[in-house]
Structures are given as C-alpha cells and as structure tokens.
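Input: a single structure, listed below in structure tokens.
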Amino acid sequence: MRKKWQLWIGGQWREAKTYEPLYNPHTDEELAEIGQAEPADAELAITNAHETFQRFKSHPAHARAEILAKAADIIDQRSEECAKIIALEGAKSIRNAREEISRTVQTYQFAAEAAKSNYGEQIPMDAAKGGENRFGFTIHTPIGVVTAITPFNFPFNLVAHKVGPAIAAGNSIVLKPAEQTPLSSLLLAEIFQEAGLPDGVLNIIPGKGEVLSKTLTGHPYVKNVTFTGSVEVGHIIQQQAGFRKLTLELGSNSPLIIDEGADLEKVIEPSVMGSFSYNGQVCISIQRIYVHQSLYQEYLDRFIKRTKELVIGSPLDEKTNITAVISKKSLERLQGWLEEAVKEGAKIECGGTVEGNIMAPTVLTNVNRDSKVFRSEIFGPIVCIFPFDTLDEAINDANDSRYGLNSGIFTPSIERAFYAAQRLETGGVIINDIPTFRIDNMPYGGWKDSGVGREGIKYAMQEMMEQKFISFKLNEHFL
Ligand SMILES: NC(=O)c1ccc[n+]([C@@H]2O[C@H](COP(=O)([O-])OP(=O)(O)OC[C@H]3O[C@@H](n4cnc5c(N)ncnc54)[C@H](O)[C@@H]3O)[C@@H](O)[C@H]2O)c1
Ligand SMILES: O=C[C@H](O)CS(=O)(=O)O
C-alpha cells in the first residue's frame with residue numbers, strides 16, 4: 001500500500017499543502033502520511049462534484065447499479081486487505097474488521113438493488129372533489145452534491161451508507177473521512193475507478209472537521225449534508241448547514257432490558273459482546289443493562305465471568321477481543337469518567353485497569369444516575385448494570401436519556417415485548433436481542449439527540465433526493 005496519500009478530486013490525485021502522519025493506535029507506529037485538505041480544496045472538490053452532477057444525474061439507474069455491484073465485488077475480492085486496513089488504522093480486532101467488510105459488501109449490494117427500484121407513488125386524485133379526470137404521481141430526482149462527514153469506528157461500512165445511496169440516487173459526493181481512519185476511504189478511489197464510476201462523482205478529502213466544516217456544509221452547491229458522529233459535532237453542523245437537507249446519525253447510551261423469565265443461557269454471550277465489541281466504540285454499544293431482581297445476581301456473576309475471559313491483545317491476532325481505544329485522548333477521558341463514577345458511589349466489579357492504550361473491559365454496579373457513565377455516551381469498554389423490580393421501572397430508566405438510537409429487551413412474554421416496544425423512546429427496538437444489532441437495509445436512526453433522518457440505503461436515498469408531484473388532467477388539453 002502507498003505511504004503518501006494525496007487528495008482525490010475530480011478523478012485525480014492532487015497534492016495537498018500539508019501532510020500529517022497517521023499512527024497505528026495499538027503500536028503507535030506511523031502507517032502513512034495523509035494529505036490535509038484546506039477550505040480551497042473542499043471548494044474545488046465541491047465545484048468538480050457540481051459539474052460532474054450535471055452529467056451524472058442522467059446516468060441510467062441500471063448503469064449506476066452495475067457500478068455499485070462491481071464495487072461490492074471488488075471489495076469482496078480484496079476483503080482481507082480491506083479488513084487489515086481497518087485493523088491497522090482503527091485498532092479493530094481482525095475478526096470484527098472482517099465482519100465489517102462483509103457487511104460493507106452487502107451495503108453496496110443493497111445500494112445496487114435500490115438504484116433500480118427508486119419508485120414513486122400513484123396518488124388517487126378522485127379521492128377529493130375536483131380530482132376527477134386527473135392522475136397524480138410522484139417521482140424522485142437526484143438532489144445534487146452531497147457532502148458526507150464520517151466517524152472513525154466503521155470506516156468502510158458507515159462510508160458505504162453514504163456513498164452507496166448517493167450514487168444509487170444519481171448524486172455526486174464529497175467525502176471527508178475521520179482523521180483517525182482515512183485509509184479505508186482513500187482506498188475507495190481506486191475501487192470505484194475500477195468499478196467504472198465516472199471521474200468527479202466521488203471526491204475524497206481527508207482533513208480536519210473544524211477546518212473544512214463551513215465549506216462542506218455551507219457551500220451553495222451543496223444540497224445535502226450527511227453526517228455520522230458525535231452529538232456535539234452534529235449540533236455544530238446543524239447550525240452551519242442552514243436551509244438544506246440534513247441527515248445526522250449521532251451517539252447513544254443504549255439500554256438493554258433483561259426481563260423476568262429470560263433465559264440467561266441465551267443472554268450472557270450476546271450481552272457481553274454487545275457491551276465490549278470494538279471496545280464499546282459502537283454507537284449502539286450496550287451501556288446500561290437493566291436486569292430483573294429475580295435474575296440479577298446470577299446474571300451479574302455470569303456476565304463478569306465471561307467478561308474476564310475476553311482476550312486482550314493485538315488487533316491482528318485472531319483470538320483478540322479487546323484492543324487499544326482509538327486515541328490517548330479518548331483513554332484519558334474514559335479514565336476520568338471512571339474515577340468520577342467511583343467517587344459518586346459506583347463499584348468496579350471487574351476491569352478498570354489500563355495497560356498501554358488498552359482499557360480492560362469494565363463492569364460497574366451501583367452507578368449514580370448523575371454520573372457521566374450513565375448520562376453521557378461512554379463510547380469505551382465500560383458497562384453499567386442495574387437491578388429492577390417492575391418492567392415500567394426499567395422502561396422509565398431506559399428512557400431517562402437525551403439519546404434514543406436502539407434499545408433491546410429479552411423477554412419470554414409476547415405481551416411484555418410489545419408493551420416495551422411501544423414505550424421505549426428509541427429509533428429501533430430490538431426484541432430478544434441486543435440493541436447492538438443492525439442489518440444494513442433496515443431503517444436506522446435516532447430519536448431525541450441521537451439524530452435527524454434515517455439511513456439504511458432506501459431511507460438514506462429518500463434524504464438525498466427531491467420528490468416531485470405530477471398531476472395530469474385528462475381530456476381537455478390532450479389531442
Ligand atoms: N448513529 C450512528 O449511526 C453512529 C455511527 C457511528 C458513530 N456514531 C457516533 O460517532 C461518535 C464517534 O465517532 P467520532 O469520534 O469519529 O465522532 P466525531 O464527531 O468526533 O467526528 C466525526 C466526524 O466529524 C468530523 N468533525 C469533527 N469536528 C467537526 C466540526 N467542527 N465540523 C465538522 N466536522 C467535524 C471529524 O473529523 C469526523 O470526520 C460517537 O458519538 C458515536 O456514537 C454514530
Ligand atoms: O457505530 C455505530 C454503527 O452504526 C454501528 S453499525 O455498524 O451500523 O452496526
């Protein structure tokens with residue numbers, strides 16, 4: 001793989017004014033030098049994307065679908081190389097990285113299918129007086145330049161959730177990947193070129209969010225901004241984007257309820273994995289677990305036992321579960337929050353230690369509801385476990401959050417499953433599984449501070465297109 005990466009604009013590699021080293025979070029070794037885009041580069045990328053859009057908007061759906069399907073095939077053929085890039089730049093365990101690549105292939109395949117089924121609706125015009133002799137229908141048209149700003153934690157698949165639907169809809173894109181994981185995006189330049197995407201449709205400009213933000217969100221050619229990342233940055237982007245279409249996929253502190261009568265044999269493994277997969281750096285990672293009193297002690301003991309078995313090590317080792325967190329800054333924040341939680345009464349049941357850039361998977365009980373580990377998004381390998389007496393108590397506590405992305409409940413009762421599903425204030429309720437569940441064609445997005453709009457290819461495409469209603473009056477004017 002090349003060591004020095006320029007900016008990908010208009011189908012060409014262009015020199016950046018400055019380059020910054022990219023480090024492996026596990027070993028601290030330098031992996032590559034990454035060109036840092038400046039506002040003028042963003043402007044150039046947007047202008048190129050705008051010009052390309054004038055042609056690409058007429059590129060037929062079947063041709064866009066072929067490009068997306070071919071890109072999926074190329075990623076599949078190069079899957080081990082792609083997974084290794086995620087493991088190196090993101091310190092994601094190689095097994096989790098492979099899962100991400102396999103999902104990415106599916107995401108582009110879903111996009112290829114969606115490109116061909118971009119249906120509008122027929123509206124019954126005679127449903128109201130005056131609508132007789134009329135036909136009404138809607139069509140969806142591409143919107144123009146989409147800017148995509150993405151986070152570090154799923155650098156292939158969450159980029160696919162923006163690039164895939166944008167191409168499927170017939171738009172052009174300017175992509176700004178996360179500073180920590182730009183290589184996964186830069187590789188797309190050659191993947192999509194080989195797949196036959198016309199030059200200028202996809203532009204990739206790594207750089208600092210705060211430097212590029214105003215241009216990427218506020219340029220008049222930009223018609224849609226799609227952002228995945230933290231709530232704090234989401235709020236900044238919302239203010240800057242002003243009067244244009246906007247999708248915000250933000251953070252969470254997802255709850256899991258383990259109801260009376262749940263079969264612990266089937267619950268322990270998924271709940272441990274949902275808490276600690278990729279060191280908890282998943283937006284739908286389990287952060288708060290509510291366990292019915294009748295199961296609490298047994299669940300806690302078994303949860304701790306399984307957590308202690310997780311293998312801490314190098315992301316490239318096949319057996320590894322827990323690796324370095326993404327940055328020293330993030331590690332320091334986690335240590336600070338843990339200290340604060342303990343001062344406020346929390347008990348560390350296991351973990352809590354740090355070695356190198358790795359925090360051991362940590363289980364907390366007796367957590368104060370005002371502590372940051374309860375209120376805010378931990379985004380690290382720490383989980384809080386609480387007992388509850390009544391389902392209402394668990395639901396109310398689960399809803400006591402500024403976030404609302406996914407929630408989960410394990411219960412043997414269909415009645416209680418629906419009761420909870422109707423009351424949990426989240427974009428997705430996952431019954432008899434963990435909230436850390438996503439299939440890439442399902443509608444996905446948050447309530448409250450967890451976001452605005454939905455992803456899941458078809459739903460993301462709706463955010464990236466304009467709808468037009470057409471009415472035909474018959475008889476009077478047609479020859
Ligand atoms: N809801 C979802 O689908 C989803 C998925 C993955 C991650 N997330 C969330 O993302 C967060 C973790 O990712 P992160 O640490 O990369 O998030 P982040 O918000 O720090 O960064 C995300 C992106 O925003 C850019 N950015 C930073 N400051 C900016 C600014 N002022 N203006 C414009 N862009 C700016 C970054 O460069 C990066 O590309 C967590 O909160 C997690 O829950 C949400
Ligand atoms: O980190 C949040 C992601 O949305 C999780 S997933 O990759 O979509 O499952």
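Basis for what follows: all heavy atoms, side chains included, without hydrogens, waters or symmetry-related copies. Computed from a predicted structure; not experimentally measured. Read the numbers this way: they start at 1 and go in the same order the structure lists the ligands and their atoms.
When non-hydrogen atoms are compared, ligand 1 lies under 4.0 Å from neither the backbone nor the side chain of F154. With a heavy-atom cut-off of 4.0 Å, L250 touches ligand 1 through its backbone alone. When non-hydrogen atoms are compared, ligand 1 lies under 4.0 Å from neither the backbone nor the side chain of T217. Using a 4.0 Å cut-off between heavy atoms, E377 contacts ligand 1 through its side chain alone, with no backbone atom that close. At a heavy-atom cutoff of 4.0 Å, ligand 1 is contacted by the side chain of I237 but not by its backbone. Residue contacts with ligand 1, taken as heavy atom pairs separated by less than 4.0 Å, involve P177 solely via the backbone atoms N, CA, C and O.
Short contacts between ligand 2 and V282, defined as distances under 4.0 Å to a heavy atom of the residue, involve ligand atoms 1 (O), 5 (C). Numbered from 1 in the order shown, with element, the atoms of ligand 2 that lie under 4.0 Å from a heavy atom of N153 read 1 (O), 2 (C).
At a 3.5 angstrom cut-off on N or O pairs, C283 counts as close to ligand 2. In terms of polar-atom proximity, defined here as any N/O pair under 3.5 Å, Y444 does make such a contact with ligand 2.
Closest to atom 9 (O) of ligand 2 among all protein heavy atoms lies R103 NH1, 2.9 Å.
Nearest to atom 27 (C) of ligand 1 by heavy atom, out of L216, N253, V233, is V233. Atom 4 (C) of ligand 1 has its nearest heavy-atom neighbour, among N157, T228, L158, in T228. Closest to atom 18 (P) of ligand 1 by heavy atom, among S252, S330, S230, is S230. Heavy-atom proximity to atom 12 (C) of ligand 1, evaluated over F379, Y403, F227, is greatest for F379. Selection from R438, E455, E99, M442 by nearest heavy atom to atom 8 (O) of ligand 2 gives R438.
For the atom pair NZ (K176) and OG1 (T150), the distance works out to 6.5 Å, reported to the nearest 0.5 Å.
The side-chain hydrogen bond (donor to acceptor under 3.5 Å, both in side chains) test with N253 singles out one residue from R288, R402, E377, and that residue is R288.
By the 30° and 60° cut-offs, the orientation of the rings of F276 relative to F303 is tilted.
The environment of NZ in K245 is crowded: more than 12 heavy-atom neighbours from other residues, nucleotides or ligands sit within 6.0 Å.
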